[in-house]
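Comments concern the structure below.
Chain A is the first sequence line, chain B the second, and so forth, proteins listed ahead of strands; every chain is numbered from 1.
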2 protein chains.
Amino acid sequence: MNKILVVDDDRELRTTLAEVLEQEGLPAVSAQSADDALNQLQQESFDLILLDLVMPGTDGMSAIPLIRKLAPRSRIIVMTAYASVQNAVQALQQGADDYIVKPFKIDAFMLTVRLNLQKTRFCEETEAADLDKIFNGLANGLRRQTLQLLSRQGQMRFMDLVRALEIEDHTKVNFHLKVLRESGFIDQTPNKLYELTTNGQRAATCLSYICKSLEA
Amino acid sequence: MNKILVVDDDRELRTTLAEVLEQEGLPAVSAQSADDALNQLQQESFDLILLDLVMPGTDGMSAIPLIRKLAPRSRIIVMTAYASVQNAVQALQQGADDYIVKPFKIDAFMLTVRLNLQKTRFCEETEAADLDKIFNGLANGLRRQTLQLLSRQGQMRFMDLVRALEIEDHTKVNFHLKVLRESGFIDQTPNKLYELTTNGQRAATCLSYICKSLEA
DNA sequence: ATCCCTTGTGAAGTTTTCTTCACAGGCTGA
DNA sequence: TCAGCCTGTGAAGAAAACTTCACAAGGGAT
């Protein structure tokens with residue numbers, strides 16, 4: 001788990017970084033060029049790839065899409081001299097996930113590494129378990145209306161909701177409320193009022209955002 | 001456009017930062033405490049909020065969810081002393097979007113600011129065609145992975161896609177590709193390469209937007 | 001030519017999601 | 001107390017979504 005690939009033409013830097021990572025219990029492999037890195041990637045996979053932008057041979061920037069092709073799931077952190085905002089933006093647009101400004105302190109470096117590993121873990125968990133429920137929750141028109149209503153009104157009683165939605169059969173609404181509850185978008189106060197959970201608020205925000213851009 | 005709120009109890013730092021931002025053509029307002037910031041947010045909205053974690057009164061960490069409530073679409077960057085990885089991770093989990101390690105150089109600071117503004121702009125580009133179609137397209141894990149893959153890779157051949165998805169039965173992938181095609185998310189080049197349509201790119205953006213807001 | 005990989009199609013079957021209906025306990029106001 | 005509304009549950013059927021299987025045309029390499 002948590003394998004890391006360090007790509008830098010500066011021998012001293014890349015070995016230092018690899019050592020630091022190993023000391024922190026993170027298995028690290030180093031590569032001296034983009035091509036070297038691409039070879040490594042064909043043989044094994046890494047969770048994190050630290051990539052220098054300025055290198056002889058294939059440079060880091062052009063390597064990003066190639067790396068992405070071989071390792072679509074890895075996180076790519078580019079290491080950039082802080083002169084160039086432009087460069088860093090471009091790298092992210094090419095498919096990098098994060099950047100770290102050179103020269104950096106080891107602490108800052110480890111912070112970036114840890115946070116990005118954290119994100120890979122989170123992505124994996126979310127991807128498997130929750131996202132299905134979440135998108136399933138939003139995939140239905142009635143449920144979307146419900147979220148928007150609750151977002152506007154705060155709390156609502158069941159039958160008020162049914163009437164606001166203009167649905168004749170209240171059990172149909174009930175069904176969808178159950179789905180929303182199981183998706184973690186809504187819950188009920190002790191006195192039976194329905195309200196959005198934190199996740200539900202996020203979903204509603206996202207929805208209103210999308211709707212707004214539709215109107216424009 | 002691009003309004004920024006600087007929240008720090010250190011008077012000198014926050015005025016310095018605000019001045020630097022103004023010099024770069026970015027309108028900045030400063031707040032001396034979390035409560036002060038929350039008041040500001042009730043009156044006007046900001047694209048970016050720079051938030052110190054350590055402050056007297058309501059501390060930055062507990063302020064994050066409150067800020068999120070008032071400004072769900074702003075980007076929050078926490079400023080953290082680089083001692084504590086734990087803190088930064090926690091801040092991101094609370095709903096922050098990025099972090100910058102104190103002390104920082106002005107160049108590194110501006111880089112972070114610029115990149116995050118870039119990201120807000122990217123989010124705003126999203127325009128949806130049809131909500132049902134989009135959410136239905138996104139309601140399936142395989143289709144989400146496909147969109148993300150194509151978003152990263154640009155164009156892919158069928159079997160490469162199948163292998164990247166690690167699905168044994170290619171006809172299953174075919175089914176979902178058909179759904180995506182019928183939803184108008186992908187199409188095929190004359191030489192059979194699959195690629196995202198404009199709508200597909202929007203959907204992929206929407207997807208990453210939702211994922212990001214869920215990460216918080 | 002032959003073999004194998006690519007890129008499909010279509011139908012049948014399975015699973016999930018959605019709708020409808022029958023029913024029921026609790027509370028409220030007359 | 002009784003009628004009537006509120007807030008549900010559960011089962012059954014319909015519809016949609018998804019998976020699996022059988023098969024096949026075309027292209028490329030040996």
For residues B:Thr197 and B:Asp187, is any side-chain donor paired with an opposing acceptor at under 3.5 Å?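 Distance-only check fails for B:Thr197 and B:Asp187.
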Within less than 4.0 Å of OP1 or OP2 of [N], is there a side-chain N or O belonging to [X]?
X        : N      : result
A:Tyr194 : D:dG8  : yes
B:Arg143 : D:dA17 : no
A:Lys178 : D:dG8  : no
B:Lys192 : D:dG27 : no
A:Asn140 : C:dT17 : no
B:Gln188 : C:dG8  : yes

Which residue, A:Thr112, A:Val113, A:Leu111, forms the side-chain contact (heavy atoms from CB on, under 4.5 Å) with A:Phe109?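 Passing option: A:Val113.
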To the nearest Å, give me how far apart [atom1] ([X]) and [atom2] ([N]) are.
X        : N      : atom1 : atom2 : answer
A:Asn136 : C:dT15 : CG    : C1'   : 13 Å
B:Leu142 : C:dT16 : CG    : C1'   : 16 Å
A:Asp187 : D:dT7  : CG    : P     : 16 Å
A:Met156 : D:dT7  : CE    : C1'   : 15 Å
A:Phe135 : C:dT17 : CZ    : C1'   : 18 Å
B:Leu193 : C:dG8  : CG    : P     : 10 Å
B:Leu177 : D:dT19 : CG    : P     : 13 Å
B:Phe158 : D:dG26 : CZ    : P     : 18 Å

So if I take residues 163-176 of chain A and measure heavy-atom distances to DNA chain D, which residues fall below 4.0 Å?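 Within this stretch, A:Arg163, A:His170, A:Thr171, A:Asn174 sit under 4.0 Å of the strand.
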Could you give the distance from CG (B:Leu50) to CG (B:Asp98), rounded to the nearest 0.5 Å?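 Here the interatomic distance stands at 10.0 Å.
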How long is the straight-line distance from OG of A:Ser183 back to CG of A:Leu147, given to the nearest 0.5 Å?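 Taking CG in A:Leu147 and OG in A:Ser183, the distance rounds to 9.0 Å.
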Applying side-chain hydrogen bond (donor to acceptor under 3.5 Å, both in side chains) as the test, list every pair that has at least one member in residues 6-19 of chain A; sequence neighbours left out.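 Listed by first then second residue: A:Asp8-A:Lys102.
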May I ask you to check whether over 12 heavy atoms, not counting those of A:Glu166, lie within 6.0 Å of atom CD?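 Counting other residues, nucleotides and ligands, CD of A:Glu166 stays at 12 neighbours or fewer.
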Please evaluate residues A:Glu195 and A:Ile186 with respect to the criterion side-chain contact (heavy atoms from CB on, under 4.5 Å), reporting the C-alpha separation (whole Å), side-chain torsions for both, the decisive distance (0.1 Å), and the verdict. CA-CA 5 Å; A:Glu195 65 181 5; A:Ile186 63 173; over 6 Å; no
